[in-house]
Amino acid sequence: METQHTKPSSLSNLQREMLKLFAQDVPEKDLIAIRQLIGQYFAEKAMDLADESWQKKGWTNEDVDKLLKSKMRTPYKSDNA
């Protein structure tokens with residue numbers, strides 16, 4: 001990837017790279033495939049972060065089952081109380 005050393009832009013490095021790609025005429029089926037790849041990349045990244053957090057906290061499947069069955073809502077507080 002080539003970086004440009006021009007005045008700062010409000011676009012991110014990812015946006016600039018995507019603009020370079022989309023400056024070309026990309027067939028619709030390729031565009032759909034690219035979107036799926038990008039989605040898959042970010043989904044895998046999120047899963048990796050979740051797995052890392054899970055391991056740091058030492059969670060087990062039983063812990064998750066307890067969380068699924070619990071109601072962790074903030075109690076309603078009336079102004080009249």
Side-chain angles (χ1 to χ4, degrees):
M1 278 187 261
E2 177 183 319
T3 57
Q4 296 177 346
H5 298 286
T6 59
K7 65 181 180 176
S9 170
S10 60
L11 298 176
S12 71
N13 59 347
L14 176 60
Q15 290 170 319
R16 288 190 301 273
E17 195 62 32
M18 296 302 288
L19 284 173
K20 286 185 221 174
L21 172 66
F22 292 126
Q24 304 170 22
D25 191 20
V26 178
E28 187 68 22
K29 77 175 198 172
D30 289 344
L31 180 59
I32 292 168
I34 291 166
R35 285 181 183 157
Q36 289 174 338
L37 285 170
I38 292 169
Q40 182 179 0
Y41 168 79
F42 284 111
E44 287 177 10
K45 190 172 180 177
M47 290 296 293
D48 290 344
L49 289 171
D51 288 345
E52 183 180 318
S53 178
W54 179 294
Q55 289 175 355
K56 280 183 183 177
K57 295 178 182 189
W59 286 354
T60 64
N61 288 338
E62 291 79 23
D63 295 325
V64 175
D65 288 339
K66 288 178 190 174
L67 284 171
L68 289 172
K69 294 175 184 174
S70 68
K71 295 181 182 178
M72 301 185 327
R73 297 182 183 173
T74 303
Y76 174 75
K77 295 181 181 179
S78 171
D79 291 336
N80 300 331

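Just so you know, these numbers use all the heavy atoms, side chains as well, and skip hydrogens, waters and symmetry mates. When a residue number appears, it is its place in the shown sequence, counting from 1.
- Applying the side-chain hydrogen bond (donor to acceptor under 3.5 Å, both in side chains) rule to Asp63 yields the partners Thr60; only residues at least two apart in sequence or on another chain are considered.
- Taking Gln24 as the reference, nothing meets the side-chain hydrogen bond (donor to acceptor under 3.5 Å, both in side chains) condition, with sequence neighbours excluded.
- Applying the side-chain contact (heavy atoms from CB on, under 4.5 Å) test to Lys57 and every residue at least two apart in sequence or in another chain returns Ser53, Trp59.
- Using a 4.5 Å cut-off between side-chain heavy atoms of Ile, Leu, Val, Met, Phe, Trp and Tyr, with links allowed through other members, Leu31 and Met18 fall into the same hydrophobic cluster.
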Name every donor-acceptor pair, under 3.5 Å, that has one atom in a side chain of residues 33-48 and the other anywhere in the protein, sequence neighbours excluded.
{"residue": "Gln40", "atom": "NE2", "partner": "Glu44", "partner atom": "OE2", "Å": "3.1"}

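- Residues satisfying the salt bridge (charged side-chain N to carboxylate O under 4.0 Å, His left out) criterion with Glu52, sequence neighbours excluded, are Lys56.
- Ser70 is linked by a side-chain hydrogen bond (donor to acceptor under 3.5 Å, both in side chains) to nothing, counting only residues two or more places apart in sequence or in another chain.
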